[in-house]
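Below is one structure; the comments refer to it alone.
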Amino acid sequence: MKRYEPKQLEPKWQQIWEDTKLYEVGEEPSRQKAYVIDMFPYPSGAGLHVGHVRNFSISDTYALYLRQKGKNVLRTIGFDAFGLPTENYAIKTGISPQEATDRQIAVFKGQLKKLGMSYDWSREAVTSDPGYYRWTQWIFLQLLKSGLAYQKENLQWWCEHDQTVLADEQVVNGRCWRCDNPVIKKSLKQWFFKITDYADRLLEGLNELDWPEKIKIQQRNWIGRSVGAELRFEIEGHADEQIDVFTTRADTIFSAAFIVLAPEHALVEKITTQAQQKDIAQYIEESAGKDDVERLAEGDKEKTGVFTGSYAINPANEEKLPIWIGDFVLGGYGTGAVFGDIHDERDFAFLNKFDIPARVTVIPEDKDEAVKVQAKEYTYTGEGILIDSGEFTGLRSEVARDQITAWLAAKGSAKETVNYKMRDWLISRQRYWGAPIPIIHCPKDGAVLVPEDQLPVELPKVESYQPNGDGRSALARAKDWLHTTCPECGGPAERETDTMDGYACSSWYFLRYTDPHNDKEAFSRAKADYWMPVDIYVGADHAVAHLLYARFWTMFFRDQDLLTVEEPFRGLRYNGYILAPDGSKMSKSKGNVVDPVDLIEEGYGADALRLYELFIGPYDQNINWNPTGIDGTKRFLNRVWALVQEHLEAKPDQGNTGTDQALETAVAVAVHKTIKKVTVDLEKFGFNTAIAAQMELVNELYRLKTKLPLGSEVWQKNLRLVVAIVAPFAPHISEELWEQLDGKGSVHEASWPTFDPTLVEDALMTIVLQVNGKTRGQIELNSDVAEDEVKQMAAESDAVKRHSTGLTIVKTIYIPGKLVNFVVK
RNA sequence: GCCGCUGUGGUGGAAUUGGUAGACACGCGGGACUCAAAAUCCCGUGCUAGCAAUAGCGUGUCGGUUCGAGCCCGACCAGCGGUACCA
């Protein structure tokens, strides 16, 4: 018997697929398309690991299934090649990031090819390729022209270790997402994309998407839309200045006890009295120097603040309110100012710490609770009934909110507003290895756009890669590149030395895939419209950053008439991580990374590996790597292989068709039931259970082959079906077996089998017998036996009699085709 | 703190969505083949008692609803992920 040798069989088919361009696709308007890709990888020095394999196997299996269903499937891969790790490696070793990237991509591609993924390699996109980032820069210019890119100086997250600013989305627990060092706030002039203009669309669009609810919730929280009012407070002694305050609780305005401004608030300097100036200045300095990690470590949100010496006037009741500053008020949210009262946890803490008098104006409906609240035993932050609130006393807080806002608005001291937690997307990075921002700074004309015909602004070769030490990247030292002429006036000017956040580059690669070689446009509308949106996008991580940015850009492209779709990713599947056997994260530094190629070359083969990574558990769950489990899927493939070989070697006269109708039907029934199960499971990404069903089928066929000899036409037909449903999971072995079984063409172009409904219906039903809800036995009956008869036979069965003699049956429950339960007393 | 998820044999997990808990697989035990081993094939494998038929117990804990709960409800415990004073 020919042995199953994945080591020679897999490379053979990989070569054939490449030679025949099996997976290369084009636009075919008459066919239904499907676009199935993964979040493209960062080509890190650690190479491909088993986590990637799980991610890619999920999408590849699904894509192969859709191909067999007749869809025109676009599936490819690219590399998210710009970024800090490569640049840091360059600084350490002196090897240029270009070279390191090329080398790493070559390693990745070598590994990927051994996995036999159904990629259209002609569409590969690499973000650090000038032919790619030329268009990233072009998009930057379009955003700028549309007023969606701008430069602004204010406080930003700064990572001292990496010498660069970071976006909000890249600060994790007050630390840099790359080097894990604490970040600080620093005032810098930076480039931003105005993603906040799209906040409502980004929020509403979520409702239509086939995404995990978890991710939608995360995005909603990140966008953080809250509806409220901006209230205007006059300042005593400063007739020409007012303080605007954002609140979602206008109903509590009568309880206002104080005002707090963020330390960086523009009015602080103006309103601070002589006596308070020293304290205020000192506080501002201290709070600016603190990083978030420090602040959190300082203990549980202990409130700090300093009185400015000035007072504001409550527009509702003309009361005088002391104006403080405090760093628990954020400069970047709302108006950077709040009014404080007893109906808020933080304000309550502040009141207590500084002994500011406060008044309760909202009490709960419960009388006893109300007494405690009025006694200020604790802070009440819920909805309730207004007291001591002028003409609004007695109203419910939800109602009073709108009425008070309207009342103040009529007096000119309020307006309804909406606020978002999400800030604009900070995209400048003071690092070398990124797409240069296509701007020229001219002493006369200011920030001037690089003309589109001069794109790309290519990264110049430089001697060394470390940041310049003055807040600029290594590009500041590339003098020939840096010094240029102003496109407006022709005078001497300097190029922008910041590069773009890598997330900019990854915000449109799925569009480049649809038209990867276009050197006239980023992508042609016709091609993008044919393929977009991505039907299934598979990956882990990036719940708020990438997935939000890519949606933003897609919406922008639509607004620019470059594209028809509003949303880039119709379906998102979030796969779980593969962890080390002890549950820790796999990492190069811990030395616990499992290299998939090692497993393939040990003899397991790519098919067994892919199968195992899908079989290991539900696709979206984190799983600890178990190094022995892969034996199971290898054995399964071996059994499929051996079954087919035995069939092919069987003498035809041993297994003439028609010898045993019942057994032949049994084979077909087993196969068709599995086709049904696997189809249903694939549709819902139930890969693990689909594989289990295939294993059950093969076990059953092993039992049947001892009774119905292999070699017959019936076996041939059914084994071909088995191979067809195994194909998306184990593409190589099934291609080989398909050929051996005289299948036409490639199994990956073969049609996905449909099950015969008459074969799937059961002729027999198993009725479970229960007494008082406890299972006591079962009986097998023909499926068409009527209810009364089933009940009677059940009642007469030994199992039921044993537990009911001497007792009376008070009730009989029948679940058709499944179960009879006797309630006895 | 807030939001979300998860908890089932020695292990990874399954369970038609309220109807036989533990499919499938790993591991382990036994057998066949072999001089022997590997590979392969077959049988067994939740716990307790029993030769067995069978009985009792069993899905993180406690309670509830129901003829019947891994699944629904309430309270709690543990672990994981997200978020970080957002007014």
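Labels below follow one simple rule: chain letters A, B, ... track the order of the sequence lines, proteins then strands, and each chain is numbered from 1. Owing to the predicted nature of the structure, the values given are computational and were not obtained by experimental measurement.
Distance CG/A:Leu637 to OH/A:Tyr4: 4.5 Å, rounded to 0.5 Å. Distance CD1/A:Ile342 to CG/A:Asp347: 10.0 Å, rounded to 0.5 Å.
With C1' as the reference atom, B:G7 and B:A87 are 37 Å apart, rounded to whole Å. Atom name C1', nucleotides B:G13 and B:C86: the rounded distance is 41 Å, in whole Å. Between B:G79 and B:U8, the distance separating the two P atoms is 14 Å to the nearest Å. Only the P atoms considered, B:C80 is 25 Å distant from B:G74, to the nearest whole Å. Distance check on atom P: B:A25 versus B:U61 gives 29 Å, rounded to whole Å. With both ends at atom P, the span from B:U45 to B:A53 equals 11 Å, rounded to whole Å. When the C1' atom is used for both B:C77 and B:C67, the distance is 32 Å, rounded to whole Å. Look at the C1' atom in both B:C71 and B:A14: the space between them is 14 Å, to the nearest Å.
Following rounding to the nearest Å, A:Gln219 (CD) and B:U83 (P) show an atom-to-atom distance of 12 Å. What separates CZ of A:Phe636 from P of B:C41 is a distance of 12 Å, to the nearest Å. Per the geometry, CD1 belonging to A:Ile779 stands 15 Å off P belonging to B:U20, to the nearest Å. When rounded to the nearest whole Å, the span between CG of A:Leu637 and P of B:U40 equals 12 Å. Across the protein-nucleic acid pair, A:Tyr4 atom OH and B:C41 atom C1' stand 19 Å apart, rounded to whole Å. Atom-to-atom, CG of A:Leu579 to P of B:G79 comes out at 17 Å; the value is rounded to the nearest Å. Atom pair A:Trp324:CH2 and B:C85:C1' shows a separation of 17 Å (rounding to whole Å applied). For the pair A:Leu548 CG and B:U83 P, the interatomic distance rounds to 12 Å; values are reported in whole Å.
Taking the nucleotide of RNA chain B with the nearest heavy atom to each of A:Val544 and A:Thr247, the more 5' of the two is matched to A:Val544. Closest-nucleotide positions on RNA chain B for A:Asp631 and A:Asp168 were compared, and the one nearer the 5' end corresponds to A:Asp631.
Look at A:Arg220 and you won't find any side-chain N or O under 4.0 angstrom from OP1 or OP2 of B:G82. The phosphate of B:A87 (OP1 or OP2) has a side-chain N or O of A:Tyr333 nearer than 4.0 angstrom. For B:A55, one of the phosphate oxygens OP1 or OP2 lies less than 4.0 angstrom from a side-chain nitrogen or oxygen of A:His803. One finds a side-chain N or O of A:Arg776 lying less than 4.0 angstrom from the OP1 or OP2 phosphate oxygen of B:A55. Note on A:Thr775: a side-chain N or O is less than 4.0 Å away from OP1 or OP2 of B:A21.
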Each nucleotide of nucleotides 66-72 of chain B classed B (base within 4.0 Å of a protein heavy atom), S (only sugar-phosphate) or -, in 5' to 3' order, makes -BS----

Provide a list of protein-nucleic acid N or O atom pairs under 3.5 angstrom, restricted to nucleotides 42-44 of chain B.
| unit_1 | atom_1 | unit_2 | atom_2 | d |
| --- | --- | --- | --- | --- |
| B:C42 | OP2 | A:Arg639 | NH1 | 3.4 |

What are the atom names and distances for every N/O pair under 3.5 Å that joins the protein to nucleotides 2-12 of chain B?
| unit_1 | atom_1 | unit_2 | atom_2 | d |
| --- | --- | --- | --- | --- |
| B:G12 | O2' | A:Ile616 | O | 2.6 |

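Within the 4.0 angstrom heavy-atom criterion, no nucleotide atom of any strand lies near A:Thr633. Among the heavy atoms of the strands, none lies under 4.0 Å from A:Val245.
Ring pair A:Phe636/A:Phe615: centre-to-centre distance not below 6.0 Å.
Base orientation for B:G29: anti, the chi torsion being more than 90° from 0. Nucleotide B:U17 carries a syn base; the chi torsion (O4'-C1'-N9-C4 or O4'-C1'-N1-C2) is within 90° of 0.
The one candidate from A:Phe192, A:Tyr549, A:Tyr198 that meets the ring pair (Phe, Tyr, Trp, His ring centres under 6.0 Å) condition with A:Trp425 is A:Tyr549. Between A:His803 and the options A:Asp798, A:Asn772, A:Leu769, A:Val771, a side-chain contact (heavy atoms from CB on, under 4.5 Å) holds for only A:Val771. For the ring pair (Phe, Tyr, Trp, His ring centres under 6.0 Å) with A:Tyr612, the lone residue among A:Phe729, A:Phe687, A:Trp625 that qualifies is A:Trp625.
Residues A:Glu383 and A:Arg401 are paired through a salt bridge, judged by an N-O separation under 4.0 Å between the basic side chain and the carboxylate. Between A:Lys421 and A:Asp168 there is no salt bridge, since no side-chain N of the basic residue sits under 4.0 Å from a carboxylate O of the acidic one.
The heavy-atom pair separating A:Asp251 from A:Ser397 by the smallest distance is OD2-CB, 3.3 Å. Closest non-hydrogen pair, A:Phe339 versus A:Arg249, comes out as CZ-O, 4.0 Å. Among all heavy-atom pairs drawn from A:Phe822 and A:Lys791, the shortest one is CZ-O, 3.7 Å. Between A:Thr775 and A:Val768, the shortest heavy-atom contact is CG2-CG1, 3.8 Å.
Applying the salt bridge (Lys or Arg N to Asp or Glu O under 4.0 Å) test to A:Glu345 and every residue at least two apart in sequence or in another chain returns nothing.
A cation-pi contact, defined as under 6.0 Å to the ring centre and within 45° of the axis, is absent between A:Arg573 and A:Tyr619. A cation-pi arrangement is present between A:Arg551 and A:Trp211 under the rule of less than 6.0 angstrom and at most 45 degrees off the ring axis. Figure legend: A:Lys303 and A:Phe328 shown as a cation-pi pair, the cationic atom lying under 6.0 angstrom from the six-membered ring centre and within 45 degrees of its axis.
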* Dump the intermediate steps for salt bridge (Lys or Arg N to Asp or Glu O under 4.0 Å) on A:Lys415 and A:Asp244, then the final yes or no. => CA-CA 10 Å; A:Lys415 65 172 190 214; A:Asp244 289 328; over 6 Å; no

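Side-chain atoms of A:Arg423 come within donor-acceptor range of the base of B:C86, with a qualifying N/O pair under 3.5 Å.
At least one donor-acceptor pair under 3.5 Å links the side chain of A:Gln694 to the backbone N or O of A:Ile725. In this structure a side-chain-to-backbone donor-acceptor pair under 3.5 Å is missing from A:His265 to A:Ala337.
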Dot-bracket assigned to RNA chain B with the 3.5 Å Watson-Crick/G-U criterion, [ ] for crossing and | for other-strand pairs, is (((((((..(((......[....)))((((((.......))))))((((....))))..(((((..]....))))))))))))....

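Checking B:U16, B:U40, B:U54 against the side-chain heavy atoms of A:Lys818 singles out B:U16 as nearest. When the nucleotides B:G27, B:U40, B:C85 are ranked by their closest atom to the side chain of A:Asp327, B:C85 comes out on top. Side-chain proximity of A:Asn688 to the nucleotides B:U40, B:A14, B:C85 is greatest for B:A14.
Residues from residues 689-697 of chain A lying near RNA chain B, meaning a heavy-atom separation below 4.0 Å, are A:Thr689, A:Ala692, A:Met695, A:Glu696 in numerical order.
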